[in-house]
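These notes are about the structure you will find just below.
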Amino acid sequence: MIIALAGNQNSGKTTLFNQLTGSNQHVGNFPGVTVEQKIGALISYSDVSIVDLPGIYSLSPYTSEEIVTRDYLVKQRPDAILNIVDATNIERSLYLTLQLIELQIPMVLALNMMDEVYANNGSIDSFALSNSLGIPAVPISAAKKQGLDELAETVLNAATKKTPPQRIDFCSGAVHRAIHAISHTIEDHADLCGLPARFAATKLVEGDELMLAALGLSDNERHMIDHIVSEMETEMDTDRESAMADMRYQFIEEACKISVVKPHKSKEYLLSAKIDSVLTHKIFAIPAFLAIMVVMFTLTFGGIGAALSRLMLIGVDALIEIVGNALVLNGYNQVVCSLIVDGILSGVGAVVSFLPIIVTLFFFMSILEDMGYMARVAFIMDKPLKSIGLSGRSFVPMLIGFGCTVPAIMSARTIPSEKDRKMTILLTPFMSCSAKIPIYSIFCAAFFSKMQGLAMGCLYIIGIVLAVLAGTAMKKVAFKGMPGPFVMELPNYRFPSPKSVLLLLWDKAKDFLHRAFTVIFLATIIIWFLQSFDSRFNYVVDSSNSILAGIGKNLAYFFTPLGLFDWRIATSLITGFTAKETILSTLGVLSGVSAAELPNALAGMFTPLSAFSFLVFVLLYTPCAATVATVKREYGSWTGAAFTMGFQTGFAWFAAMLAYQIGSIFV
Ligand code: GDP
Ligand code: MG
């Protein structure tokens with residue numbers, strides 16, 4: 001049995017999903033967090049699955065999430081829909097409810113956040129509301145775990161008995177006549193496609209092109225529908241979409257008049273409004289944002305994170321020494337010692353010692369997100385982003401991109417316009433993801449030690465500035481047109497939940513370690529092998545005679561204009577296509593030093609200028625194999641993914657080349 005969880009963004013779907021299934025999905029005070037459907041079994045009913053769908057406001061195909069959700073509901077036809085609404089803002093939420101009811105799937109309404117409604121002297125007569133809508137309504141509080149048993153029981157009941165919604169007619173007057181006339185006309189086509197006629201008819205009245213195409217109507221039928229709709233438009237004196245919206249809101253207003261006592265504005269809301277008068281202020285907003293970012297980065301890269309990272313490095317080094325000594329003492333073969341110490345331990349160790357920095361950065365980011373500040377940032381950034389032809393919506397993926405490009409690209413699904421989405425996917429990798437942090441830190445420590453924090457900041461900013469330039473250029477060439485409109489609600493500020501923050505930290509740390517011990521582990525072994533043997537598989541002591549050196553020396557020509565002459569550098573950049581951290585482990589393995597000595601070894605390979613051009617290249621070229629796979633999935637084609645990769649690598653090469661060539665004039 002399958003129960004689909006549908007509702008607006010921020011209505012508490014994921015919170016409810018976690019409670020019902022006992023899982024630990026990420027809950028965000030931030031629209032657009034759930035991008036993929038998640039499935040879990042209902043606690044104590046292992047045969048009942050619950051699917052957490054992306055948050056949507058309507059079943060009209062405005063955004064690709066709405067299409068995903070609609071396709072899922074129409075094609076998979078779950079056994080029941082659990083429609084969750086934010087009871088503090090019920091009128092708006094019911095707009096989706098009315099559309100879901102038309103699908104004629106057994107359905108239950110969960111009135112969530114009742115705790116807040118009661119706390120602010122509101123109330124909802126769920127029986128009266130249930131009567132008006134023709135579906136059961138259960139008041140709950142997902143966060144406070146109230147009413148969940150009754151809700152589960154009601155949904156299971158509706159699903160087993162297959163009770164469809166008792167009422168589908170919410171319309172009156174001219175709209176009513178139009179919907180019914182069209183519904184009769186297309187009934188046979190709708191049956192053939194397995195769509196409820198009533199749902200198809202409403203979509204046609206709204207002018208939904210996808211629906212029109214899906215039904216396969218004859219020319220005559222299309223004309224008839226056009227006539228019916230234009231008759232309705234004349235009678236109602238509005239266009240088709242507003243006529244439908246008016247009809248729905250009118251019904252909702254009537255139903256709520258009987259059953260809802262609106263809560264007054266909550267303390268939280270009033271407090272949020274006060275804070276927002278500063279943080280989203282016309283002039284202070286951006287300086288405040290920059291100040292918050294500076295504090296966050298300084299604490300991460302200069303303070304807490306860096307200190308913890310140094311401790312970790314000492315630990316890793318001690319471990320390498322102990323293991324190395326033990327191997328030698330026990331008389332293990334020289335090749336085995338080299339594999340374990342110079343290969344695996346130095347390679348993986350170089351990466352793992354950055355775990356504290358990454359965890360610290362995510363600690364701050366998740367606190368800001370959980371408090372509700374990140375949603376404000378998207379709102380503040382709408383205007384600057386408009387000037388490069390994107391909307392504030394693109395900011396969410398870009399921001400997630402500072403963590404990891406893969407979920408960032410996935411979250412671009414929340415962007416309604418196709419053009420905005422493609423452009424965002426192309427630009428997101430310019431944001432420095434956390435895998436690049438280890439590389440930046442080591443290079444900045446080795447070459448720009450006097451102004452380490454500043455140098456790190458510059459790299460982040462170079463990425464952003466180049467994204468802006470590339471965006472502006474693309475808008476002129478390939479993605480013409482206005483960005484889509486951006487409407488987003490700002491959730492109330494609240495105290496960050498320790499559970500939510502810890503879960504996110506654990507998730508990120510797990511991800512990072514997982515990469516270190518899979519992709520990077522494997523890459524280290526392969527690189528160690530290629531650099532320890534020559535083409536006749538003899539063990540070589542001097543790695544410049546190895547297979548890898550042979551390959552790297554050929555590749556080095558390609559990087560010569562960038563000031564990167566050493567074959568080891570070229571090799572590390574190639575292995576960097578698998579994952580950015582491998583660059584460090586490759587450099588570590590190839591220079592044959594431990595993580596702590598790496599900065600010194602690098603000083604021999606680079607000049608400050610070539611280090612800079614190297615960093616620019618690293619910043620801009622394809623982040624990792626996982627990103628390429630994700631881009632392929634989102635674009636739906638390898639051509640798109642290959643183009644993205646080519647674009648990024650070409651752009652990176654060109655930018656690094658300019659940096660080096662222009663730099664050499666001055667240095
Ligand atoms: P989704 O976007 O629909 O998945 O919503 P989430 O589950 O991520 O929740 C959005 C926000 O609402 C989070 O900050 C939750 O902590 C909060 N929330 C969820 N359920 C309740 C509830 O019953 N009462 C209150 N006061 N807050 C809730
Ligand atoms: Mg969610």
Side-chain angles (χ1 to χ4, degrees), residues 4-40 50-57 63 65-66 68-69 81-90 92-93 96-97 100 109-122 124 126 137-151 263 265-269 271-272 366-376 378 396 400 407 411 413-414 488-504 507:
L5 202 53
N8 294 168
Q9 287 175 353
N10 257 6
S11 59
K13 278 184 314 309
T14 306
T15 313
L16 181 63
F17 176 85
N18 285 347
Q19 303 285 14
L20 291 178
T21 61
S23 47
N24 276 325
Q25 295 295 347
H26 176 50
V27 174
N29 198 4
F30 194 59
V33 171
T34 310
V35 282
E36 274 188 311
Q37 357 163 320
K38 288 168 185 130
I39 303 187
I50 301 203
V51 181
D52 184 14
L53 295 169
I56 50 169
Y57 289 104
T63 70
E65 292 172 300
E66 283 168 356
V68 168
T69 306
I81 297 177
L82 179 50
N83 176 209
I84 177 168
V85 299
D86 175 353
T88 60
N89 209 335
I90 189 158
R92 203 209 37 219
S93 319
L96 174 66
T97 308
L100 290 171
L109 188 67
L111 301 165
N112 192 29
M113 318 231 181
M114 285 307 285
D115 55 322
E116 269 190 39
V117 173
Y118 293 137
N120 297 296
N121 293 331
I124 294 179
S126 57
V138 185
I140 64 163
S141 165
K144 304 246 151 77
K145 305 187 192 181
Q146 286 154 357
L148 300 184
D149 291 339
E150 191 194 338
L151 180 67
K265 291 198 169 117
S266 65
K267 284 197 300 292
E268 292 83 4
Y269 176 85
L271 180 67
S272 290
S366 58
I367 285 185
L368 287 180
E369 181 195 319
D370 213 41
M371 280 169 48
Y373 182 62
M374 290 306 189
R376 266 79 186 175
V396 179
I400 299 179
S411 75
R413 278 185 211 171
T414 54
M488 185 175 73
E489 252 162 89
L490 298 180
N492 287 342
Y493 285 105
R494 65 191 167 98
F495 201 74
S497 118
K499 188 181 163 211
S500 181
V501 171
L502 283 178
L503 265 176
L504 194 78
D507 237 36

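In each ligand, atom 1 is the first atom listed, and ligand 1 is the first ligand listed.
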- Looking only at non-hydrogen atoms, the one of Ile84, Asn10, Val117 nearest atom 2 (O) of ligand 1 is Asn10
- Query: Side chain, backbone, both or neither: which part of Asp115 comes within less than 4.0 Å of ligand 1 when only heavy atoms are counted?
  - Reply: side chain
- Query: What do you reckon, does Asn112 have a nitrogen or oxygen under 3.5 Å from a nitrogen or oxygen of ligand 1?
  - Reply: yes
- Say whether, by atom type as modelled, one donor and one acceptor occur between the side chain of Ser93 and the main chain of Asn89 under 3.5 angstrom. yes
- Of the listed options (Ala143, Pro496, Ser500), which comes nearest to atom 22 (C) of ligand 1 when hydrogens are ignored and any heavy atom counts? Ala143
- Can you name the residues that form a side-chain hydrogen bond (donor to acceptor under 3.5 Å, both in side chains) with Lys265, not counting sequence neighbours? none
- Message: I need the atoms of ligand 1 closer than 4.0 Å to a non-hydrogen atom of Ser141, numbered in the order shown.
- Response: 22 (C), 23 (O), 24 (N)
- Query: Within the distance-only criterion (no hydrogens, no angle test), does the side chain of Lys13 pair as donor or acceptor with the backbone N or O of Ala6 below 3.5 angstrom?
  - Reply: no
- Task: For ligand 1, indicate whether the residue Lys13 contacts it via side chain, backbone, both or neither (heavy-atom separation under 4.0 Å).
- Result: both
- Message: In this structure, does ligand 1 have an atom that sits under 4.0 Å from one of the heavy atoms of Gln146?
- Response: no
- Any side-chain donor near an acceptor of the partner, Asn83 and Thr97, under 3.5 Å: yes
- Indicate, as side chain, backbone, both or neither, the part of Arg494 found under 4.0 angstrom from ligand 1 when only non-hydrogen atoms are considered. side chain
- Please answer whether the main-chain N or O of Ser366 pairs with a side-chain N or O of Asp370 as donor and acceptor at a distance below 3.5 Å. no
- Task: Would you check if the side chain of Asn112 reaches a backbone N or O of Ser11 as a donor-acceptor pair within less than 3.5 Å?
- Result: yes
- Task: Output the distance between atom NZ (Lys145) and atom CD (Gln19), rounded to the nearest 0.5 Å.
- Result: 5.0 Å
- Item | Ser11 near ligand 1 by a heavy-atom separation under 4.0 Å | yes
- Would you say ligand 1 has an N or O under 3.5 Å from any N or O of Ala142? yes
- Message: Geometry only, no angles: is Thr14 polar-contacting ligand 1 at N/O separations under 3.5 Å?
- Response: yes
- Query: Could you give the distance from OG1 (Thr15) to NZ (Lys144), rounded to the nearest 0.5 Å?
  - Reply: 12.0 Å
- Query: Which of the atoms of ligand 1 are close to Glu116, meaning less than 4.0 Å from one of its heavy atoms?
  - Reply: 26 (N)
- Under a heavy-atom criterion of less than 4.0 Å, does Asn8 contact ligand 1? yes
- Item | Partners meeting side-chain hydrogen bond (donor to acceptor under 3.5 Å, both in side chains) with Gln146 (sequence neighbours left out) | none
